[in-house]
Amino acid sequence: MSDDGTAADGGSASREGRLPGIVTRDGDRYVRVTRGLELPPRRAALGLLGVILFVAVPDLATLSPLLQLQVVHQGALFGLAAVGLNLLLRHTRLVSFGHAAFFGTGAYAAAILATHFDVTSMLLLLAGATLFGTLMAGVVGYLSLRHTGLYFSLLTLAFGQLLYAVVIGQGYFGSSDGLSVRPGEANQALLFGVEFGSEAYSVIVYYLTVLVVVVGLLVMWRVINSPFGNALDAIGQNRTRARFIGIPVRRYVFAAFVLSGVYGGLAGGMYGLVQQHVRPESTLYFLRSGDILFMAILGGFQTLVGPLVGGIVLVFLQDVGRDVTSYFDALTGVVLVALVFGFPRGIVGSLKRGSPFRERLGRLAADPSLAGTWLRGAGDAAVAAAYRAGENLRILLFGVN
């Protein structure tokens with residue numbers, strides 16, 4: 001069974017298909033989602049509930065102004081880009097600071113095809129966005145993967161900023177004003193030649209995003225549970241040993257980098273269709289790369305769906321923060337610090353069986369009086385930390401006496 005709670009096909013395992021989609025292995029039942037993807041019933045039910053809630057967002061958004069379709073939609077798209085980035089982060093231990101380059105390339109590819117070449121088909125715009133995002137990832141990966149560690153991270157950051165500078169300095173890309181996707185009265189792409197009203201358009205593009213995200217997660221699951229994914233894990237643990245056992249390290253890491261660019265370009269193209277106007281600050285700036293990286297960590301980079309959840313949560317926090325206070329960045333920071341301390345493995349990672357959060361939750365359920373003990377311990381730790389900070393400040397100002 002993989003770390004995502006899935007069970008791969010085993011030659012010696014006994015199976016009994018009593019019901020469609022139900023298999024029995026060593027006396028335990030699993031729900032088969034697709035070939036090789038088998039989940040325990042409880043996890044399958046949670047996954048199905050998540051998909052249902054994901055699909056029901058347009059209807060749920062009409063019930064509460066707090067839940068906005070566009071916010072969830074943007075969060076899912078940035079989360080999809082974070083799923084691609086997570087392939088590098090989780091399996092090869094490479095930290096990219098420039099993944100917004102692929103997201104922005106996809107968004108600008110859709111805008112350029114629509115504005116300068118009058119491409120009206122939504123699917124063609126997405127195909128072009130994915131193609132150019134993939135090509136950009138190929139170029140950046142070829143030039144960056146000659147180095148590892150900090151130098152790799154800085155190179156990806158440098159190429160991302162270079163692309164940002166080129167776009168913002170050229171009138172062909174609309175400079176700092178950006179480009180519209182199909183400017184003018186007919187500003188919406190067509191799906192199978194059909195034009196929709198603005199409200200129907202937003203819902204249809206959202207459901208297209210749901211389809212893309214679900215397929216993207218299944219494809220990523222297949223990748224990370226394949227021999228290729230196992231080879232990436234070996235590379236991430238020790239490159240030298242991986243090379244000694246015959247794994248073509250550079251070729252495999254390059255393939256993973258390009259695949260992560262596919263997700264970024266596709267997500268960026270969808271973003272262009274949703275926003276109908278792309279700007280360099282919101283798609284290519286280096287802070288956007290930091291957002292995508294943080295989404296993966298916040299949701300739990302050791303899980304498959306964690307980056308997607310992290311994307312929705314971070315965009316939601318940023319949107320709510322703007323409505324609550326002008327210091328929304330500080331508010332978002334405080335909430336994120338609380339999340340990081342409370343969920344050290346990310347939101348989804350902390351909910352997995354065996355995590356410290358689940359262990360503490362179980363102990364609390366068995367003995368509720370522990371809550372008081374933990375609160376007193378947290379208060380004592382905060383007081384001790386404040387005392388140490390004051391003492392350090394005194395030493396810095398007045399020296400040791």
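Proximity of L135 to T105: side-chain heavy atoms (C-beta onward) are nowhere separated by under 4.5 Å. Side-chain contact between L232 and L87 is present, with at least one heavy-atom pair separated by less than 4.5 Å. Looking at heavy atoms from C-beta onward, V253 lies out of side-chain contact with T148 at the 4.5 angstrom threshold. A heavy-atom distance below 4.5 Å is not found between the side chains of F286 and F97. Put simply, the side chain of L53 reaches to within 4.5 Å of the side chain of L60, judged on heavy atoms. When side chains are defined from C-beta on, L157 does not count as touching S289, because their heavy atoms never get closer than 4.5 Å. In this structure the side chain of L273 never reaches within 4.5 angstrom of the side chain of T209, judged on heavy atoms. Two residues are said to be in side-chain contact when any heavy atoms from C-beta on lie closer than 4.5 Å; F132 and Y108 fail this criterion.
Distance check, rounded to the nearest 0.5 Å: CD of Q74 to CD of Q68 gives 10.0 Å. Atom CD1 of I292 sits about 12.5 Å away from atom CG of N86, to the nearest 0.5 Å. Note that CD of E391 is 10.0 Å distant from CG of L393, once rounded to the nearest 0.5 Å. Between the CZ atom of F103 and the CG atom of L80 there is a distance of 9.0 Å, given to the nearest 0.5 Å. We find the NE2-OH distance between H73 and Y271 to be 11.5 Å, quoted to the nearest 0.5 Å. The CZ atom of R279 sits 10.5 Å away from the CG atom of L179 when rounded to the nearest 0.5 Å.
Closest of all the heavy-atom pairs between A81 and G264 is CB-CA, 4.3 Å. Closest approach of G128 to L113, counting heavy atoms only: CA-CD1, 3.9 Å. The minimum heavy-atom distance between G272 and V181, with the atom names listed, is O-CG2, 3.4 Å. The two residues P280 and S176 have their closest heavy-atom pair at CD-O, 3.9 Å. Annotation for A82 and M295: closest pair CB-CB, 4.1 Å, computed over non-hydrogen atoms. Between A76 and L308 the shortest heavy-atom distance is O-CD1, 3.6 Å.
Taking the six-membered ring where tryptophan is involved, the planes of F257 and F102 are perpendicular, since the angle between them exceeds 60° and thus also 30°. Below 30°, between 30° and 60°, or above 60°: for F228 and Y252 the angle between ring planes is between 30° and 60°, a tilted geometry.
For Y172, the OH atom is densely surrounded, since the number of other residues' heavy atoms within 6.0 Å is greater than 12. Counted within 6.0 Å of CD on Q70, heavy atoms from surrounding residues, nucleotides or ligands total 12 or fewer; the atom is thus considered open. No more than 12 heavy atoms of other residues, nucleotides or ligands shown are found within 6.0 angstrom of OH on Y151.
The backbone N or O of I235 sits nowhere less than 3.5 Å from a side-chain atom of H91 that would complete a donor-acceptor pair. Of the possible donor and acceptor atoms, one in the side chain of S153 sits under 3.5 Å from a partner among the backbone N and O of V95. N392 places a side-chain N or O within donor-acceptor distance of the main-chain N or O of R388, the cut-off being under 3.5 Å. Judged by distance alone, the side chain of T115 and the main-chain N or O of S180 form a donor-acceptor pair under 3.5 Å.
Applying the salt bridge (Lys or Arg N to Asp or Glu O under 4.0 Å) test to pairs two or more places apart or on separate chains, those with a residue in residues 289-301 are R288-D291. Counting only residues at least two apart or in different chains, side chain to side chain donor-acceptor pair (under 3.5 Å) contacts with residues 253-264 comprise H99-S260.
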Fill in: Check against side-chain contact (heavy atoms from CB on, under 4.5 Å), V274 and Y206
CA-CA 8 Å; V274 174; Y206 175 78; over 6 Å; no
Item to complete: Decide yes or no on side-chain contact (heavy atoms from CB on, under 4.5 Å) for V139 and F159, but give the supporting numbers first.
Response: CA-CA 10 Å; V139 174; F159 285 119; over 6 Å; no
Worksheet entry | From CA spacing to verdict: side-chain contact (heavy atoms from CB on, under 4.5 Å), I204, L208 | CA-CA 6 Å; I204 287 173; L208 182 60; 5.6 Å; no
Item to complete: Please lay out, stage by stage, how E281 and L287 fare under the test side-chain contact (heavy atoms from CB on, under 4.5 Å).
Response: CA-CA 9 Å; E281 287 83 2; L287 291 179; over 6 Å; no
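For D319, the salt bridge (charged side-chain N to carboxylate O under 4.0 Å, His left out) test picks out no residue, with sequence neighbours left out.
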